[in-house]
Amino acid sequence: MRGKVSVIGAGNVGASVVQRLGEKGYMDVVLLDILEGVPQGKGLDMLQACPILGCDSTIKGTNDYADTANSDVIVITAGVPRKPGMSRDDLLLTNMNIVRGVTENVVKYSPNCVIIVVSNPLDAMAQLALHVSKFPRNRVIGMAGVLDTARFRTFLAQELQVSVEDVQAYVLGGHGDTMVPLVRYTTVGGIPISDLLPKETIDRIVQRTRQGGGEIVALLKTGSAYYAPSAASVQIVESILLDKKRILPCAAYLQGEYGIKGLFVGVPVKLGKNGIEKIIEIKLAPEEEAALKKSAASVKELVDVMKLGV
Ligand code: APR
């Protein structure tokens, strides 16, 4: 049976997600937006690339949620992106209304799907999607840690002039300036990073990672990153569709894990056909735990503004 994935929002992130998914060649993909013609046009254009690329995916652009019916996975990218000088948190009120409506619609047609939230501010939007969908927590996932970790790995590989494939790392916490790159769990070819780089260099890279999204917003001036965010989203989708059981950092609704309750925060999770099949608790050093709590507190501030009553 072919998997079905629907992507809501046909802008930079959504269209890139669909392109990457379509090129996998083995699933049915739907691209939905409120703009008339845009998802249809982009979908048709991508479909016409398939004979050249040799992929048998179907790609359909639409404005009608009925076309998303019975999706295995729904990726929510609808919303406005940041402009220079804005933080992700500045998007809260606008994207809150968008994500609420989108979630109501996707749930109506795909009551058994796994939802991956990409819209920002990420952790708060994931919390909203969980609240509105009333899904069990394993079926609502926020995409952030895979992206933040990829940024961290990129900068480390550049610094050391080594293959990105050999750099393993973890970035936990909220998807914002308080995110927590876990230096202690970062290795290059199995060697701890602290044996390879001086502390000042690691600190500089950690700081650049924290501001990784902002660096791109400042360069683009008219929007935010989408190539790496779409690649990160697709890695999560594939782990679910193919039941791969990958261990990846994602925003998950914590119910006491890491001493945090009732909040989405980035932690390592096992991803399979049921979505988040396990939240993995790693032992943190006191300063790492404090940084994670601080990050959770900033997520809570935003969640409180939404007054969800959960
Ligand atoms: N339903 C469906 N689509 C919507 C809705 C809605 N209610 N509201 C807006 N959209 C669509 C817009 O029409 C637009 O095509 O969402 C798309 C957003 O695309 P972009 O403006 O290109 O933004 P993008 O860069 O894709 O970012 C989307 O992902 O990474 C996050 O911070 C980013 O929140 C932002 C989101």
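Atom set for the values below is all heavy atoms of this structure, side chains included, hydrogens, waters and symmetry mates excluded.
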* Under the 3.5 angstrom rule, does the side chain of Ser110 hit a backbone N or O of Asn112 as a donor-acceptor pair? -> no

In short, Leu147 meets Ala232 closest at the heavy-atom pair N-CB, 3.9 Å

Tightest non-hydrogen contact, residues Thr209 and Phe155, listed as OG1-CD1, 3.6 Å

Original post:
For atom NZ of Lys245, is the number of surrounding heavy atoms from other residues, nucleotides or ligands below 6.0 Å larger than 12?
Top reply: yes

Return yes if some donor-acceptor pair links the side-chain N/O of Asn95 with the main-chain N/O of Asn120 below 3.5 Å, else return no. yes

Worksheet entry | same_hphob_cluster(Val38, Tyr226) at 4.5 Å side-chain heavy-atom cutoff | no

Interatomic distance, CZ@Arg20 vs OG@Ser230, rounded to 0.5 Å, equals 3.5 Å

Do any N or O atoms from the side chain of Gln40 and from the backbone of Gly37 form a donor-acceptor pair under 3.5 angstrom?
yes

- Is there a side-chain contact between Met27 and Ile59 (heavy atoms, below 4.5 Å)? no

When every non-hydrogen atom of Cys113 is compared with those of Phe135, the smallest separation belongs to O-CE2, 3.2 Å

TODO: Report yes or no: do Glu104 and Tyr65 form a side-chain donor-acceptor pair below 3.5 Å?
DONE: no

OG (Ser224) and CE (Met86) are apart, to the nearest 0.5 Å, by 10.0 Å

Does atom NZ of Lys4 have more than 12 heavy-atom neighbours from other groups under 6.0 Å away?
-> yes

| Are His175 and Asp123 close enough that a side-chain donor and a side-chain acceptor fall under 3.5 Å? | no

query: Would you say Met125 and Leu92 make side-chain contact, with heavy atoms under 4.5 Å?
result: yes

Are Val106 and Ile8 packed together at the side-chain level, in the sense that at least one heavy-atom pair is separated by less than 4.5 angstrom?
yes

So do Ile193 and Ile202 actually touch side chain to side chain, heavy atoms under 4.5 Å?
-> yes

- request: Treating Ile, Leu, Val, Met, Phe, Trp and Tyr as nodes and any side-chain heavy-atom pair under 4.5 angstrom as an edge, say whether Ile98 and Leu91 lie in one connected cluster.
  value: no

Please walk me through it: do Ile74 and Ile116 pass side chain to side chain contact (heavy atoms under 4.5 Å, CB included)?
CA-CA 6 Å; Ile74 302 260; Ile116 300 170; over 6 Å; no

* Do side-chain atoms of Ser119 reach the backbone of Gly79 as a donor and acceptor pair under 3.5 angstrom? -> no

Item to complete: Report yes or no: do Ser71 and Ser6 form a side-chain donor-acceptor pair below 3.5 Å?
Response: yes

- Where the side chain of Asp33 meets the backbone of Asn63, is there a donor-acceptor pair that is under 3.5 Å apart? no

For atom OH of Tyr227, is the number of surrounding heavy atoms from other residues, nucleotides or ligands below 6.0 Å larger than 12? no

Checklist entry - Within a reach of under 6.0 Å around NZ of Lys42, are more than 12 heavy atoms found that belong to other residues, nucleotides or ligands? => result yes

dist Arg246:CZ -> Ile240:CD1 (nearest 0.5 Å) comes out at 12.5 Å

Please check: side-chain N/O of Asp243 versus main-chain N/O of Lys273, any donor-acceptor pairing under 3.5 Å? yes

- Query: Run the side chain to side chain contact (heavy atoms under 4.5 Å, CB included) check on Val162 and Val167 step by step: do they pass?
  - Reply: CA-CA 8 Å; Val162 298; Val167 183; 4.0 Å; yes

Heavy-atom check, side chain of Ile260 versus side chain of Leu292, under 4.5 Å: yes

In Val18, Leu21, Leu53, the residue satisfying side chain to side chain contact (heavy atoms under 4.5 Å, CB included) with Met46 is Val18

Report task. Walk me through it: do Tyr26 and Glu238 pass the test side chain to side chain donor-acceptor pair (under 3.5 Å)? Result -> CA-CA 11 Å; Tyr26 60 83; Glu238 209 173 33; 2.6 Å; yes

_One pair to check against side chain to side chain contact (heavy atoms under 4.5 Å, CB included): Asn105 and Val102. What are the steps and the verdict?_
CA-CA 5 Å; Asn105 278 305; Val102 166; 5.9 Å; no

- Item | Donor-acceptor contact below 3.5 Å, side chain Thr103 vs main chain Val132 | no

Are Leu122 and Leu130 connected into the same hydrophobic cluster when the rule is that any two of I, L, V, M, F, W, Y join if their side-chain heavy atoms are below 4.5 Å apart?
yes

- Message: What I'd like to find out is whether the side chain of Val171 reaches to under 4.5 Å of the side chain of Leu182, using heavy atoms alone.
- Response: no

Check against side chain to side chain contact (heavy atoms under 4.5 Å, CB included), Lys24 and Leu241: CA-CA 12 Å; Lys24 295 280 175 191; Leu241 271 192; over 6 Å; no

Rounded to the nearest 0.5 Å, the CG atom of Leu197 sits from the OG1 atom of Thr186 at a distance of 10.5 Å

Around atom CD of Glu287, are there more than 12 heavy atoms from other residues, nucleotides or ligands closer than 6.0 Å?
yes

In terms of heavy-atom contacts, Ser233 and Met143 come closest through OG-CG, 3.8 Å

Side-chain donor/acceptor of Glu257 to backbone N/O of Gln255, under 3.5 Å: yes

Margin query: Taking Ile191 as the starting point, is it possible to reach Leu160 by hopping between hydrophobic residues whose side chains are less than 4.5 Å apart?
Written below: yes

Scanning both residues in full, the closest heavy-atom pair of Val180 with Ser295 reads CG2-CB, 4.3 Å

- Side-chain ion pair, Glu159 and Arg204, N-O less than 4.0 Å: yes

According to a 4.5 Å side-chain heavy-atom criterion applied to Ile, Leu, Val, Met, Phe, Trp and Tyr, with indirect links allowed, do Tyr253 and Met306 form part of one hydrophobic cluster?
yes

* Would you indicate whether the side-chain heavy atoms of Leu32 and Val7 approach each other to under 4.5 Å? => no

Only residue of Asp28, Asp72, Thr58 satisfying side-chain hydrogen bond (donor to acceptor under 3.5 Å, both in side chains) with Arg2 is Asp28

* To do: Decide yes or no for Lys261 and Leu254: does some side-chain heavy atom of the first lie under 4.5 Å from some side-chain heavy atom of the second?
  => no

Rounded to the nearest 0.5 angstrom, the CG-CG distance for Leu263 and Leu302 is 10.0 Å

Salt-bridge test for Arg82 and Asp90: reply yes if a basic N is under 4.0 Å from a carboxylate O, no otherwise. no

So CZ of Arg139 and OG of Ser133: to nearest 0.5 Å the spacing works out to 7.5 Å

All heavy atoms of Cys250 vs all of Ile236, minimum pair found to be SG-CD1, 3.8 Å

*asked:* Would the distance check show the side chain of Gln127 and the main-chain N or O of Gly262 forming a donor-acceptor pair, the cut-off being under 3.5 Å?
replied: yes

> Would you find a donor on one side and an acceptor on the other, under 3.5 Å apart, between the side chain of Ser163 and the backbone of Glu165?
Replying inline: yes

